[in-house]
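Notes follow the structure.
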Amino acid sequence: MTETQALPPTSESELLSRCKAIEGKSIAALAGDLGIMVPDDPLKRKGLTGSLIEKALGTTAGTQAKPDFDKLGIELKTMPLGPNGKPCESTFVTSIQLLTVHQETWEGSSCYAKLKRVLWVPVEGDRVIPYHQRRIGQGFLWSANAVDMAILKNDWEMLTFMLASGKLEALDASMGEYLQVRPKAANSRALCYGFGEQGNKVLTLPRGFYLRAGFTGNIIQQYGLNQ
DNA sequence: AAGTGATCATAA
DNA sequence: TTATGATCACTT
């Protein structure tokens with residue numbers, strides 16, 4: 001049971017060639033190569049696909065709030081694809097520090113740091129395909145075009161304003177065109193502090209920014225290449 | 001079927 | 001507790 005961790009890639013082309021090396025592999029094959037067991041219980045393998053691909057490609061950020069390939073400024077995201085070839089889930093971007101987001105700017109935010117350049121790795125996500133058999137697709141590097149970047153910025157500024165001005169109860173996942181804010185917690189009892197209506201601190205669920213599946217679906221269509 | 005809110009595993 | 005990796009599961 002030897003676990004291996006690739007060294008960090010030093011260029012985009014090196015990163016892409018590593019993607020090519022795992023393209024077409026099944027989850028079981030990749031896990032086998034890395035010496036990692038795959039649980040049979042779906043609840044015990046949430047996030048496993050992403051972790052396996054991280055290990056294979058050589059991410060460096062670990063548990064830090066930074067892009068996965070820190071030196072290259074690239075964030076790795078898997079994109080589970082349903083039977084229709086479209087993403088079947090939203091994409092978690094970053095957790096939110098509710099008490100300090102109001103001090104941030106879009107360009108200085110961890111959300112922007114992670115979204116400015118993303119390595120998307122499509123993976124079969126159709127629930128009818130046994131998890132072990134699901135194949136890894138063709139990874140590709142992406143940056144938002146000017147129009148999409150403006151929409152992301154607008155979403156972020158609107159959502160951040162809600163958080164900063166104590167509108168926690170009015171803020172829900174229906175807000176934002178590309179970005180949304182949703183709970184990101186161990187469970188509904190794991191609370192943290194945020195701002196209430198009067199600018200006071202109140203206990204609330206931790207939140208994170210997510211990309212809507214509709215948006216990531218547009219991305220993969222533009223870049224064209226799924227399995 | 002989609003969309004939103006809740007949850008699971010693990011590291012530091 | 002907060003960060004990482006997300007997907008599960010209930011509501012609409």
Side-chain angles (χ1 to χ4, degrees), chain A residues 3 5 27 30-31 34 36-70 74-101 109-111 113-115 118-132 134 136 139 155 159 162 168-194 201 203-218:
Chain A
E3 283 197 17
Q5 162 76 50
I27 296 291
L30 182 59
L34 295 168
I36 294 173
M37 300 303 297
V38 179
D40 290 322
D41 181 355
L43 296 181
K44 295 192 184 305
R45 60 190 189 212
K46 287 188 186 182
L48 179 59
T49 305
S51 299
L52 292 174
I53 294 176
E54 279 192 335
K55 265 205 159 38
L57 299 181
T59 58
T60 51
T63 180
Q64 302 175 82
K66 300 198 289 191
D68 293 297
F69 305 101
D70 196 15
I74 295 171
E75 174 72 7
L76 169 66
K77 291 295 176 198
T78 58
M79 189 190 286
L81 300 181
N84 48 16
K86 294 189 299 184
C88 49
E89 289 288 352
S90 57
T91 300
F92 172 72
V93 179
T94 190
S95 52
I96 303 174
Q97 299 174 45
L98 293 177
L99 295 179
T100 54
V101 267
S109 69
S110 63
C111 193
K114 295 191 180 192
L115 291 181
V118 177
L119 174 68
W120 293 102
V121 180
V123 180
E124 286 180 324
D126 188 345
R127 300 263 238 284
V128 310
I129 306 173
Y131 183 80
H132 293 73
R134 295 179 195 171
I136 295 160
D155 282 347
L159 294 166
M162 297 286 291
L168 284 169
E169 297 189 12
L171 174 57
D172 66 39
S174 70
M175 308 183 74
E177 187 174 346
Y178 291 167
L179 276 175
Q180 62 182 173
V181 170
R182 304 221 305 277
K184 171 65 165 139
N187 56 62
S188 59
R189 280 82 61 194
L191 305 177
C192 69
Y193 284 103
K201 288 194 213 172
L203 281 172
T204 190
L205 284 171
R207 318 294 168 96
F209 286 111
Y210 293 76
L211 290 176
R212 295 182 181 281
F215 177 55
T216 58
N218 292 340

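By convention in this document, chain letters (A, B, ...) are assigned in the order of the sequence lines, proteins followed by strands, and residues within each chain are numbered from 1.
- To the nearest angstrom, P of C:dA3 lies 10 Å from CD1 of A:I96.
- Within residues 182-192 of chain A, the residues that place at least one heavy atom under 4.0 Å from DNA chain B are, in residue-number order, A:R182, A:P183, A:K184, A:A185, A:A186, A:N187, A:S188, A:R189.
- Between A:I27 atom CD1 and C:dA6 atom C1' the separation is 13 Å, expressed in whole Å.
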Which atoms of nucleotides 1-3 of chain B (N or O only) lie under 3.5 Å from a protein N or O atom, and what are those distances?
none

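- Look at CG on A:L48: it is 10 Å from C1' on C:dA6, rounded to the nearest Å.
- Ring-plane geometry between A:F92 and A:Y210 is classed as perpendicular, the angle between the planes exceeding 60 degrees on a 0 to 90 degree scale with a lower cut at 30.
- Each end of the helix from B:dA1-C:dT12 to B:dA12-C:dT1 gets its own axis from five base pairs, and the two axes differ in direction by 30°, given to 10 degrees.
- As judged by a 4.0 angstrom heavy-atom cut-off over every strand, A:P206 is placed among residues making no nucleic acid contact.
- In this structure, A:R45 and A:E89 both approach DNA chain B, and ranking their closest nucleotides by distance from the 5' end singles out A:E89.
- Residue-level contact check: A:G50 touches the backbone only, with heavy atoms under 4.0 Å from sugar-phosphate atoms and none from bases.
- Across all strands, A:T49 comes closer than 4.0 Å to no nucleic acid atom at all (heavy-atom distances).
- If you measure from atom OH of A:Y210 to atom P of B:dT7, you get 13 Å, rounded to the nearest angstrom.
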